[in-house]
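Inspection log for the structure reproduced underneath, given as C-alpha cells.
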Amino acid sequence: MEILNTQVAIIGSGPAGLLLGQLLHKAGIQHIIIEQRSSEYVASRIRAGILEQVSVDLLKEAGVDQHLREYGLPHHGIEILTNGEKHRIDLTGLTHGKQVTVYGQTEVTKDLMHAREQAELISFYEANDVKIHDFEQSPHVTFNKNGMNYKVNCDFIAGCDGYHGVCRASVPQDKINTFEKVYPFGWLGILADVPPVSDELIYVQSERGFALCSMRSSTRSRYYLQVPLTDKVEDWSDERFWEELGKRLDEESRKNLVTGASIEKSIAPLRSFVTEPMRFGKLFLAGDAAHIVPPTGAKGLNLAASDIAYLSSAFIEYYLEGSEQGINEYSEKCLKRVWKAERFSWWMTHLLHRFETESEFDLKIKQAELAYILSSEAGQTTLAENYVGLPYELGQFENIKQAS
Ligand code: APR
Ligand code: PHB
C-alpha cells in the first residue's frame with residue numbers, strides 16, 4: 001500500500017474539483033485530486049454553456065481565464081419566444097450593467113485541466129474503488145489504481161464527485177436530508193457546426209413543448225427540445241430534430257435556421273435536488289454532489305462555482321489565518337444561494353415547459369404569468385437579476401485576493 005499525505009483530498013475532477021484545486025494551489029495549500037474516470041472522458045463531456053459574471057471572476061482569480069477572455073461571448077440579453085412572438089430581456093439594462101458569458105463547460109474543464117498540468121499538480125485518474133473514511137475524526141481516502149492500493153491521509157475531504165459520487169452516499173442516512181423533484185420530461189440536445197439562428201439565446205415556450213436555441217461560437221450551435229422521457233436518442237434522426245425545432249420557432253427564426261449534421265446528440269432527464277447540510281465534520285460536498293438543478297436557468301455550473309468560492313475561501317481562512325469561521329459557515333452560506341437558484345430554475349422550467357398533467361386552467365394561468373413578466377419592468381428585472389446571477393455574500397473574494 002502506498003501512503004500519501006496532503007491537506008485537502010478532492011474527490012472528482014469535474015469543474016468543481018478542478019476549480020477548487022486551482023484556487024488551493026494559488027493559495028499554497030496542498031491537495032490531491034482523485035477521479036474515477038479517464039482524463040480524456042472528463043475533458044470530452046458536453047454540458048451547458050452559460051457563465052455568470054461571478055463565475056467568470058472566479059475563473060480569473062484562479063488564473064484560468066485566458067481562453068475565456070479570447071473565445072467567450074459576452075451576452076447582454078436573451079429572447080423569450082411565446083405565442084409566436086419574441087420578447088427580449090435586456091439583461092444588462094435591467095441589472096445595472098451585468099452580463100453573462102457563453103462559454104462551454106467542456107472548455108472550462110479543459111482550461112482547468114491544462115492549468116493543472118502546467119503546474120504539475122497531482123491527479124489520479126482512473127482510480128478504482130474510491131472510498132472515504134472517518135470524516136468526523138481523522139479523514140482518509142483509499143483507492144486502487146493499476147493494481148496498486150493507495151491511502152491518502154488528509155485534513156479535509158472535498159466531495160466534488162457529482163450526483164452519483166461516493167461522498168454523499170457515504171454519509172449515514174440519519175445525518176442527511178435530501179429534497180427532490182423529478183420532472184416528467186427530458187431535454188434532447190444536439191451540437192452542430194452551423195451558425196446560430198440568432199445572436200442571442202432564444203428560450204421557446206410553445207404548444208409543442210419547450211425548445212432552446214443556444215450556441216458555443218459563431219459557427220457552432222447548441223439546440224434543445226423538450227421530449228418525453230420515454231423517447232430514445234435513436235428515435236431522433238437529425239432530420240426529425242430540425243423539423244420539430246422549426247415547428248416550435250417563429251417564422252423569422254425558422255427562416256434563419258441553418259441545419260446540418262449533429263456532432264453530439266443526447267437526452268438528459270431534468271431534476272431538482274438539494275442535500276442539507278453540505279458539511280459533515282471534515283467532509284464538504286460541493287457542486288452536483290450536493291445539488292442538481294434543471295438546466296432551464298443555466299445554473300448548474302454556476303452553483304458549482306459559488307460553492308467552490310465559499311469552500312476555497314474557508315480553507316484559505318483556516319490555513320492562512322487559523323480561523324474556522326468559513327468552515328463553520330460553509331453549508332449555511334452555500335445553501336442560501338443554492339435554494340435561490342433552485343427556485344429560479346424550477347420557476348423557469350415550470351413557466352416554459354408543457355406538463356401533460358396541467359389543466360386548461362393551469363395553462364391559462366401560466367400564459368398570464370408569462371405575459372405579465374414580459375410586459376412589466378419589475379417582472380423582467382426579476383428574471384434578469386436571477387439569470388445573470390445573484391451576488392455572493394460580501395467579502396467572498398477578499399481572502400482569495402489576499403492569498404494570490
Ligand atoms: N470517485 C472518484 N470520482 C468520482 C466518483 C468516485 N466514486 N464518482 C464520480 N466521480 C467523478 C465523476 O467521474 C466526475 O468526473 O466526479 C466528477 C464530478 O463531476 P461533475 O459531475 O461534472 O460535477 P461538478 O464538478 O460538481 O460540476 C457540476 O456539471 O453536471 C454539470 O450541470 C452540472 O454544470 C454543473 C457541473
Ligand atoms: C447551453 O448552451 O447548453 C445552455 C444554455 C442555456 C441553458 C441551458 C443550456 O439554460
Side-chain angles (χ1 to χ4, degrees), residues 9-21 32-52 55 73 75 78 100-109 112-113 123-132 141-145 157-170 187 189-191 196 200-204 210-217 220-224 264 266 268 270-271 273 285-308 311 341 344-345 348-349 352 387:
I10 301 174
I11 316 297
S13 173
L18 288 165
L19 182 55
L20 178 62
I32 291 176
I33 293 187
I34 301 150
E35 161 65 50
Q36 69 179 6
R37 312 297 295 244
S38 68
S39 58
E40 295 76 25
Y41 177 88
V42 169
S44 63
R45 276 184 299 215
I46 309 282
R47 297 273 182 77
I50 300 286
L51 296 176
E52 296 171 353
S55 303
L73 306 172
H75 276 216
I78 53 170
V100 294
T101 302
V102 172
Y103 191 68
Q105 180 173 322
T106 314
E107 303 311 310
V108 173
T109 306
L112 285 161
M113 287 176 79
S123 305
F124 287 91
Y125 284 97
E126 296 173 82
N128 296 312
D129 201 18
V130 178
K131 290 199 178 92
I132 63 169
V141 182
T142 55
F143 63 95
N144 174 285
K145 181 173 162 116
I157 299 172
C160 303
D161 50 348
Y163 182 66
H164 300 287
V166 69
C167 291
R168 191 183 69 250
S170 303
W187 274 22
I190 74 167
L191 193 65
E200 295 186 331
L201 269 64
I202 310 176
Y203 286 82
V204 185
F210 172 82
L212 172 61
C213 307
S214 184
M215 66 192 75
R216 292 291 174 271
S217 69
R220 181 167 285 188
S221 299
R222 180 80 168 147
Y223 292 105
Y224 298 97
E264 197 262 354
S266 55
L270 272 68
R271 181 191 301 274
F273 175 83
L285 300 181
D288 277 15
H291 39 72
I292 298 285
V293 284
T296 325
K299 292 290 167 228
L301 176 58
N302 294 298
L303 274 188
S306 61
D307 290 353
I308 294 306
L311 189 55
F344 176 64
S345 308
M348 284 277 278
T349 304
L352 299 176
Y387 195 86

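Numbering of ligands and ligand atoms starts at 1, following listing order.
- Between Glu35 and Ser123 the shortest side-chain heavy-atom distance does not fall below 4.5 Å.
- Proximity to Ile34 (heavy-atom distance under 4.0 Å) selects the following atoms of ligand 1: 2 (C), 3 (N).
- Distances shorter than 4.0 angstrom do not occur between any heavy atom of Ala48 and any atom of ligand 1.
- No N or O atom of Gly162 sits closer than 3.5 Å to an N or O atom of ligand 1.
- Less than 4.0 angstrom separates some heavy atom of Val166 from each of these atoms of ligand 1: 7 (N).
- Closest protein heavy atom to atom 19 (O) of ligand 1: Gly14 CA, 3.4 Å.
- Within the 4.5 Å cutoff, the side chain of Ile78 has no heavy atoms near those of the Val100 side chain.
- Inclusion of Ala16 in the set of residues having an N or O under 3.5 Å from an N or O of ligand 1 is warranted.
- Residue Thr349 holds its OG1 atom at 8.0 Å from CZ of Phe210, rounded to the nearest 0.5 Å.
- Ligand 1 has no N or O atom lying under 3.5 Å from any N or O atom of Arg37, backbone or side chain.
- Atom 26 (O) of ligand 1 has its closest protein heavy atom at Asp288 N, 2.9 Å.
- For the pair Thr296 and Trp187, the minimum side-chain heavy-atom distance is below 4.5 Å.
- Contact atoms of ligand 1 toward Gly287: 26 (O) (distance under 4.0 Å to a heavy atom of the residue).
- Separation of atoms CD1 (Ile308) and CG (Leu303) is listed at 11.5 Å; rounding is to 0.5 Å.
- In this structure, the side chain of Asp161 engages the main chain of Cys167 through a donor-acceptor pair within 3.5 Å.
- Side-chain atoms of Thr106 come within 3.5 Å of backbone atoms of Arg45 as a donor-acceptor pair (strictly under, hydrogens ignored).
- Those atoms of ligand 1 that come under 4.0 Å of a heavy atom in Gly165, given as number and element, are 8 (N).
- Between Glu35 and ligand 1, at least one pair of N/O atoms sits closer than 3.5 Å.
- Between the side chains of Ser214 and Tyr224, no donor-acceptor pair is found at a separation under 3.5 Å.
- Considering only non-hydrogen protein atoms, atom 32 (O) of ligand 1 sits nearest to Gly300 CA, 3.7 Å.
- Two residues are said to be in side-chain contact when any heavy atoms from C-beta on lie closer than 4.5 Å; Ser13 and Leu18 meet this criterion.
- Listed for the Lys299 side chain is a donor-acceptor partner under 3.5 Å among the backbone atoms of Tyr387.
- With a 4.0 Å heavy-atom cut-off, ligand 1 is reached by no atom of Val293.
- Regarding atom 9 (C) of ligand 1, its nearest protein heavy-atom neighbour is Asp161 O, 3.0 Å.
- The protein residues lying under 4.0 angstrom from ligand 2, judged by non-hydrogen atoms, are Ala48, Gly49, Ile50, Trp187, Leu201, Tyr203, Leu212, Ser214, Arg216, Arg222, Tyr224, Pro295, Thr296, Ala298.
- Taking 4.5 Å as the limit, some side-chain heavy atom of Leu212 sits within range of a side-chain heavy atom of Tyr203.
- The nearest protein atom to atom 6 (C) of ligand 1, hydrogens excluded, is given as Gln36 OE1, 3.4 Å; this is a heavy-atom distance.
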Carefully, step by step, assess Val102 and Ile50 under the rule side-chain contact (heavy atoms from CB on, under 4.5 Å). CA-CA 5 Å; Val102 172; Ile50 300 286; 3.8 Å; yes
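- Contacts with ligand 1 closer than 4.0 Å are made by heavy atoms of both the backbone and the side chain of Leu301.
- Here the protein heavy atom with the shortest distance to atom 27 (O) of ligand 1 is Pro15 CD, 3.5 Å.
- The part of Arg47 lying near ligand 1 is the side chain, judged by heavy-atom distances below 4.0 Å.
- In this structure a side-chain-to-backbone donor-acceptor pair under 3.5 Å is missing from Arg220 to Leu191.
- For the pair Asp307 (side chain) and Gly287 (backbone), a donor-acceptor distance under 3.5 Å is present.
- Applying the side chain to side chain contact (heavy atoms under 4.5 Å, CB included) rule to Gln36 yields no partners; only residues at least two apart in sequence or on another chain are considered.
- Rounded to the nearest 0.5 angstrom, Phe143 CZ and Asn128 CG are separated by 10.0 Å.
- Of all the heavy atoms of Ala127, none lies under 4.0 Å from any atom of ligand 1, so neither backbone nor side chain is involved.
- Within ligand 1, the atoms closer than 4.0 Å to a non-hydrogen atom of Cys160 are 16 (O), 17 (C), 18 (C), numbered from 1 in the order shown.
- Ligand 1 has no N or O atom lying under 3.5 Å from any N or O atom of Ile11, backbone or side chain.
- Of the possible donor and acceptor atoms, none in the side chain of Arg37 sits under 3.5 Å from a partner among the backbone N and O of Val42.
- Atom 36 (C) of ligand 1 has as its closest protein heavy atom Gln105 NE2, 3.5 Å.
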